[in-house]
Protein chains: 2
Amino acid sequence: MSKQLPLVATESQCCSPLTREPLSEDQSAELARVFKALGDPVRLRLLSLIASHAGGEACVCDLTDAFDLTGPTISHHLKVLREAGIIDGERRGTWIYYRVLPTTLQMLSSVLMTTA
Amino acid sequence: MSKQLPLVATESQCCSPLTREPLSEDQSAELARVFKALGDPVRLRLLSLIASHAGGEACVCDLTDAFDLTGPTISHHLKVLREAGIIDGERRGTWIYYRVLPTTLQMLSSVLMTTA
């Protein structure tokens with residue numbers, strides 16, 4: 001599972017702030033993939049629960065109580081976040097522990113930064 | 001057209017950085033709506049063209065040449081960005097001039113900011 005690499009952060013020098021220069025087609029395709037993964041309320045809450053969890057990581061056992069959703073549904077959303085390079089997961093014993101990939105979040109944050 | 005208000009920025013004090021505390025259901029619904037609007041390559045390129053355009057605004061006449069898309073398709077994408085509170089548009093003479101709403105971009109940027 002930890003073989004899933006943060007594609008956006010590692011494969012390109014993506015990207016300058018939007019206010020500085022236009023995105024190329026490739027850059028916008030890369031970024032759109034990550035923003036699309038964030039464009040869902042359940043995934044955003046999952047991400048915030050993981051990101052703000054003590055120690056910076058959370059297992060599914062820490063996450064399910066916050067939702068009225070089945071385990072497989074939560075696993076699906078975690079997979080989408082992982083495939084977008086936003087979180088990573090590592091199996092330790094019974095559980096997979098998830099943590100955010102700060103380089104991806106920081107990249108998105110920089111792209112959206114304005115000087116205003 | 002300029003009656004479209006930036007809902008996210010004006011209606012709530014959304015949101016602390018994801019790494020600080022979990023999002024509420026309402027906050028994640030609000031944010032997901034904006035990220036979903038950004039989750040499309042054409043919309044991201046349009047946004048970057050507007051944001052980086054001289055004077056901070058651009059009319060459709062400045063945008064269409066960059067795309068192999070029809071006018072109505074581009075207008076549709078601009079409408080999605082506008083309804084998400086990411087850009088605003090103002091008619092002056094023949095054209096509608098679009099500019100980014102920096103409070104929305106700044107809010108998104110802050111939410112994604114990490115301390116790592």
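The sequence lines fix the lettering, A, B, ..., with proteins before strands; numbering per chain opens at 1.
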Treating Ile, Leu, Val, Met, Phe, Trp and Tyr as nodes and any side-chain heavy-atom pair under 4.5 angstrom as an edge, say whether A:Val80 and A:Leu31 lie in one connected cluster.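 No.
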Hey, quick one: are A:Leu18 and B:Met113 part of the same hydrophobic cluster, counting side-chain heavy atoms closer than 4.5 Å, chains of contacts allowed?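 In one cluster: no.
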What residues of residues 61-73 of chain B make heavy-atom contacts with chain A at a cutoff under 4.5 angstrom?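 At a heavy-atom separation under 4.5 Å, chain A is reached by no residue of residues 61-73 of chain B.
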Just checking heavy atoms, which of residues 37-50 of chain B are less than 4.5 Å from chain A?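 Result: B:Leu38, B:Gly39, B:Asp40, B:Pro41, B:Leu44, B:Arg45, B:Leu47, B:Ser48, B:Leu49.
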Measuring only between side-chain heavy atoms, which start at C-beta, is A:Lys36 closer than 4.5 Å to B:Lys36?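 With C-beta onward as the side chain, the pair stays apart.
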Per the disulfide bond (SG atoms under 2.5 Å apart) rule, what does the pair list look like for residues 82-113 of chain A, sequence neighbours excluded?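 Every pair satisfying disulfide bond (SG atoms under 2.5 Å apart) with a residue in residues 82-113 of chain A: there are none.
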Contacts of residues 51-58 of chain A with chain B (heavy atom under 4.5 Å):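 Result: A:Ala51, A:Ser52.
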Closest non-hydrogen atom pair, A:Leu112 against B:Leu105: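 It is O-CB, 3.5 Å.
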